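All heavy atoms count here, side chains included; hydrogens, waters and symmetry mates do not. Since this is a predicted model, take the numbers as computed values, not measurements.
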Amino acid sequence: MSDVIGLVLPFFGLIFIGFLVARITRQPLEALGWMNTFIVYVALPALFFQLLAKTPFERLTEWSFIFGSVFSTYTIFSLMFACSVLTSRGEIAQSTIKALAAAYGNIGYMGPGLALLAFGEEAAVPVALIFCFENIVHFAIAPMMMALAGDDKTSPLRLILGVLRKIVLHPFIIATALGVGAAYIGFRPPVPAERLLEYLSRAAAPCALFAMGVTLALRPLNRIPHELTLIAVLKLILHPLLCYVVLSWVGNFSEIWLFSAVLLAALPTATNVFVIAQQYGVWVQRASASVLITTCLSVVTVTGLLYMIRQGVLRPDLFP
């Protein structure tokens, strides 16, 4: 257990340091803007490109792995959405945000750092594939569901173009595509460029975790949703369990690929859920509370998951 604690303590410690510094200095949330820009547009794309470009191309086309991961996520989404629609008598907009809170994990800020720390550089490929394809679906689902709810008055053509723009121009997805292309043609950057990418990659995880801690500290916890128990159980327990079973069933993946996907499924609600809620003016404060509380709970659940992986409780061959 001590090695698992030693693994997760620095990781969650960076989030706590960001939280503590934000409480002490009392800087406004807007002051975090340039750091978020650096993380999203520079550091994490550099990390994805550098590691994917070094990966044999045939390992980047594991379609059954991608299907299993996305299927698990959207099964959880569908369960939470159905429960919310039934209890709210057809409220689609709020149900969409609740479903995202139960299914959309923090795979951007927390995923790469924790997976690489736990499983090494080999985890970069499954992390990048999951991030790329799950976000493509997330970017499409949110505006379409809001349009269905009647809260988005955008015309169908503009809606489709907006979704495509978010997908094509997202820096993580661009970096993933460039990394896959570089792997396909065997391209290696010149030594100075390689060193620059290395510096940026090393900064990605610490900066992302610190920024996440600051964000959690500066968002008020005013309204705790009564659905939080169900959201937390679905996100932190059922989602990784379902991902483990589905991926064990659909393919014979390496141990690191399987457990990287399970770890990403176990991550708490993404801060993007709050951003989406704020964009549409739906369930905003409760979405913020869901992010904060699931993140706090994940200290225990993610540590427990890593312990079970290290102790062999979760086998990589559930269906030998």
- Heavy-atom check, side chain of Leu200 versus side chain of Phe38, under 4.5 Å: yes

- Are any non-hydrogen side-chain atoms of Ile141 and Phe77 less than 4.5 angstrom apart? yes

- Output for pair (Glu30 CD, Leu218 CG), nearest 0.5 Å, gives 9.0 Å

- Are the side chain of Lys235 and the backbone N or O of Pro240 linked by a donor-acceptor pair below 3.5 Å? no

- Validation row, ring centre His138 to ring centre Tyr74 under 6.0 Å: yes

- Task: Applying side chain to side chain contact (heavy atoms under 4.5 Å, CB included), run through Ser201 and Phe48 and close with a yes or a no.
- Result: CA-CA 8 Å; Ser201 299; Phe48 284 148; over 6 Å; no

- Query: How many angstroms lie between CD1 in Ile309 and CD1 in Ile256, if you round to the nearest 0.5 Å?
  - Reply: 11.0 Å

- Query: Are more than 12 heavy atoms from other residues, nucleotides or ligands located less than 6.0 Å from atom CD of Glu121?
  - Reply: no

- Query: Do Ser288 side-chain atoms and Val284 backbone N/O form a donor-acceptor pair below 3.5 Å?
  - Reply: no

- Message: To check you understand the geometry: which heavy-atom pair defines the closest contact between Ala270 and Gly105, and what is its length?
- Response: CB-O, 3.3 Å

- Message: Given 3.5 Å as the limit, does a donor-acceptor pair link the side chain of Arg202 with the main chain of Leu197, or not?
- Response: no

- Using a distance-only test with no angle check, is there a side-chain donor-acceptor pair under 3.5 angstrom linking Tyr109 and Asn272? no

- Item | Closest approach of Gly108 to Phe131 (non-hydrogen atoms, all atoms of both residues) | CA-CE1, 3.6 Å

- Can you tell me how far the CZ atom of Phe81 sits from the OG1 atom of Thr96, to the nearest 0.5 Å? 4.5 Å

- Query: Hey, mind stepping through Ser72 and His239 against side-chain hydrogen bond (donor to acceptor under 3.5 Å, both in side chains) and telling me if it holds?
  - Reply: CA-CA 7 Å; Ser72 302; His239 190 184; 5.8 Å; no

- Item | Shared hydrophobic cluster for Trp249 and Ile76 (ILVMFWY, side-chain gaps under 4.5 Å) | yes

- Query: Once you round to the nearest 0.5 Å, how far does CD of Gln94 lie from OG1 of Thr87?
  - Reply: 9.5 Å

- Side-chain ion pair, Lys98 and Glu91, N-O less than 4.0 Å: no

- Tyr41 and Trp34 aromatic centres sub-6.0 Å: no

- Would you sort out whether Phe65 and Ile130 count as a side chain to side chain contact (heavy atoms under 4.5 Å, CB included), showing the intermediate values? CA-CA 9 Å; Phe65 177 82; Ile130 290 170; 3.8 Å; yes

- Any side-chain heavy atom of Leu242 within less than 4.5 Å of one from Val246? yes

- For ring-ring contact (aromatic ring centres under 6.0 Å, His included), just list the numbers for Trp63 and Phe133, CA-CA rounded to whole Å, side-chain angles, deciding distance to a tenth of an Å, and then say yes or no. CA-CA 11 Å; Trp63 295 112; Phe133 284 92; 5.6 Å; yes

- Just wondering, do Met110 and Phe12 contact through their side chains at under 4.5 Å, heavy atoms? yes

- May I have the step-by-step check of side chain to side chain contact (heavy atoms under 4.5 Å, CB included) for Val168 and Ile173, ending in yes or no? CA-CA 7 Å; Val168 173; Ile173 294 175; over 6 Å; no

- Query: Is Ile5 reachable from Tyr307 through a run of hydrophobic residues whose side-chain heavy atoms are each under 4.5 Å from the next?
  - Reply: yes

- Side chain Thr294, main chain Pro268, donor-acceptor under 3.5 Å: no

- Taking atom CG of Leu29 and atom CG of Asn36, what is their separation to the nearest 0.5 Å? 8.0 Å

- Message: Looking at Ser254 and Trp257, would you say the former's side chain and the latter's main chain have a donor-acceptor pair under 3.5 Å?
- Response: yes

- Query: If two hydrophobic side chains count as joined below 4.5 Å and joins carry through other members, does Met80 share a cluster with Ile224?
  - Reply: yes

- Minimum heavy-atom separation for Leu52 to Ala128, with atom names? CD1-CB, 3.8 Å

- Side-chain contact test, heavy atoms from C-beta onward, threshold under 4.5 Å: evaluate it for Leu44 versus Val40 and give yes or no. no

- Do the side chains of Met212 and Thr295 get nearer than 4.5 Å, heavy atoms only? yes

- Message: Minimum heavy-atom separation for Leu258 and Arg315, please, with both atom names.
- Response: CD2-O, 4.3 Å

- Item | Heavy-atom side-chain proximity of Glu62 to Ile66 below 4.5 angstrom | no

- Item | Rounded distance [0.5 Å steps], CD1 in Ile39 versus CG in Leu47 | 12.5 Å

- Query: If we only count heavy atoms from C-beta on, is the Asn135 to Tyr104 side-chain gap below 4.5 Å?
  - Reply: yes

- Between Leu247 and Ala261, which heavy-atom pair has the shortest distance, and what is it? CD1-CB, 3.3 Å

- Task: Spell out, yes or no, whether Leu305 and Leu9 are grouped together once hydrophobic residues are joined by side-chain heavy atoms under 4.5 Å, including indirect joins.
- Result: no

- Task: Please report the C-alpha distance between Phe119 and Leu263 in whole Å, then the side-chain angles of each, then the deciding distance to 0.1 Å, and finally whether the side chain to side chain contact (heavy atoms under 4.5 Å, CB included) criterion is met.
- Result: CA-CA 10 Å; Phe119 306 120; Leu263 178 60; 3.8 Å; yes

- Message: Show the nearest heavy-atom pair for residues Leu114 and Leu267, with the distance to one decimal.
- Response: CD2-CD2, 4.0 Å

- Task: Evaluate the salt bridge (charged side-chain N to carboxylate O under 4.0 Å, His left out) criterion for residues Glu194 and Lys54: first the C-alpha distance (whole Å), next the side-chain angles of each, then the deciding distance (0.1 Å), finally the verdict.
- Result: CA-CA 11 Å; Glu194 184 74 20; Lys54 297 177 181 178; 3.5 Å; yes

- Message: Hydrophobic clustering (ILVMFWY, side-chain heavy atoms < 4.5 Å, transitive) - are Val313 and Leu238 grouped together?
- Response: yes

- Item | Polar side chain donor-acceptor pair, Glu227 to Ser84, under 3.5 angstrom | no

